[in-house]
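Mind having a look at this structure? Questions to follow.
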Amino acid sequence: MREGLKEKKRIVIKVGTSTITHNESGGLDYVKLEKLVRTLTNLQNQGKEIVLVSSGSIAVGRKAIGLGKKPTERSQKQACAAIGQSRLMMVYQKLFSEYNQMIAQILMTKFTIVDDSSRHNAQNTFRALLDMGVVPIVNENDTVATDELDVGDNDSLSAVVAALVKADLLILLSDIDGLYTDDPNHDKEAELIPYVESISDEQLEMAKGPFTGHGTGGMITKLTAAGIANDAGADMIIINGGRIDNLTKVLNGAEMGTFFKAHKTKHFHLKNYIDSK
Ligand code: GLU
């Protein structure tokens, strides 16, 4: 199964805020970002189609205006996202252009999925961009989203994107090695689960545990993502984004992280998944 990863053609890759920022200061980790961009461009050059789902707008905005604490009020978060998103894209633009790789920004809300014409438009736009050899960079449109309209976390958003573009594979670069039998921060005996055929109730229960860092999701949002991606027909892998070369390794068949197997649901309809969230 791991060997089969070499053949994956259309891949959605999600990086969390904790993967692209320094843990202590919350500032962008340019060294990692450079490696990420080089790796993604290289995959594109191998003939793969890449979509990047990147978090970080709120953290970047917050850092730019010197806000010490993570904003809790919606208007503050939205203001930080508005400031941060363009700065984040500026960095991606600069780094990708060094390799002459075109990128595009796509900002979505839940509405993009539940509204039929919006969803079709988004799907067509993704298709056109991929046909042009462009790497779309996706985030939630945090600045305009409301409680009713936001997907809320980029793990779920990346699975929605994987379903929308009919990806073969979704890779979540996380601050953890994968899914464990228990929370490894608290249980030293916890073991990494390398393969999940279908998510059990026990795993769901365990995933509700605490989470760390600058990110939004915990393990539970990753299991939600696996539910969407797998039903849509995409395999999903969680790997540790601490080292960007894990991305190349896992795509060359290395045994790492947790692999969630696709099991395409016959009447899969993305709208139903997002409506119930
Ligand atoms: N959309 C948020 C941001 O870019 C992050 C959401 C998430 O990390 O799940 O800051």
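Values reported hereafter were calculated over all heavy atoms of this structure, with side chains retained and with hydrogens, waters and symmetry mates removed. This chain uses plain numbering: 1 for the first residue, then up along the sequence. Ligands are counted one by one from 1 in listed order, and the atoms in each one are counted from 1 as well. Just so it is clear, the model here is predicted, and its values are computed rather than measured.
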Between Lys222 and Asp153, does at least one N-O distance fall below 4.0 Å, as a salt bridge requires?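 No, no charged N to carboxylate O under 4.0 Å.
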Using a strict 4.0 Å threshold on nitrogen-to-oxygen distance, state whether Glu197 and Lys261 make a salt bridge.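 Judged by the 4.0 Å cut-off on N to carboxylate O distance, Glu197 and Lys261 do not form a salt bridge.
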Side-chain donor-acceptor pair present, Ser55, Asn154, cut-off under 3.5 Å: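 Yes - a donor-acceptor pair under 3.5 Å links their side chains.
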Would Gly56 count as being in polar contact with ligand 1, using the rule that some N or O on each side must be under 3.5 angstrom apart?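 Yes: some nitrogen or oxygen of Gly56 is under 3.5 Å from one in ligand 1.
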Under a 4.0 angstrom heavy-atom cut-off, which atoms of ligand 1 come close to Asp153?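 Those qualifying, in numeric order: 9 (O).
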Taking NZ, NE, NH1 and NH2 as the nitrogens, is one of them in Arg10 or Asp168 under 4.0 Å from a carboxylate oxygen of the other?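 Result for this pair is no, no salt bridge flagged.
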Any nitrogen or oxygen of Asp155 lying under 3.5 Å from a nitrogen or oxygen in ligand 1? Just yes or no.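 N/O-N/O distance below 3.5 Å does not exist for this pair.
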Is the shortest distance from a Lys or Arg side-chain nitrogen in Lys14 or Asp155 to a carboxylate oxygen in the other one below 4.0 Å?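 Looking at Asp155 together with Lys14, the answer is yes, because their closest N to O distance falls below 4.0 Å.
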Hey, are the side chains of Gln123 and Leu270 touching, using non-hydrogen atoms and a 4.5 Å cut-off?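 Side chain of Gln123 against side chain of Leu270, heavy atoms only: no contact under 4.5 Å found.
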Residue part near ligand 1, for Asn139, under 4.0 Å between non-hydrogen atoms: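 Within the 4.0 Å criterion, Asn139 contacts ligand 1 through side-chain atoms alone.
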Side chain, backbone, both or neither: Asp142 near ligand 1, heavy atoms under 4.0 Å: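 The side chain, only.
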Decide whether the shortest distance between a heavy atom of Gly16 and an atom of ligand 1 is less than 4.0 Å.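 No; Gly16 lies far enough from ligand 1 that no heavy-atom distance drops under 4.0 Å.
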Considering both backbone and side-chain atoms of Ile58, is one of its nitrogen or oxygen atoms within less than 3.5 Å of a nitrogen or oxygen in ligand 1?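 Between Ile58 and ligand 1, an N or O pair is found under 3.5 Å apart.
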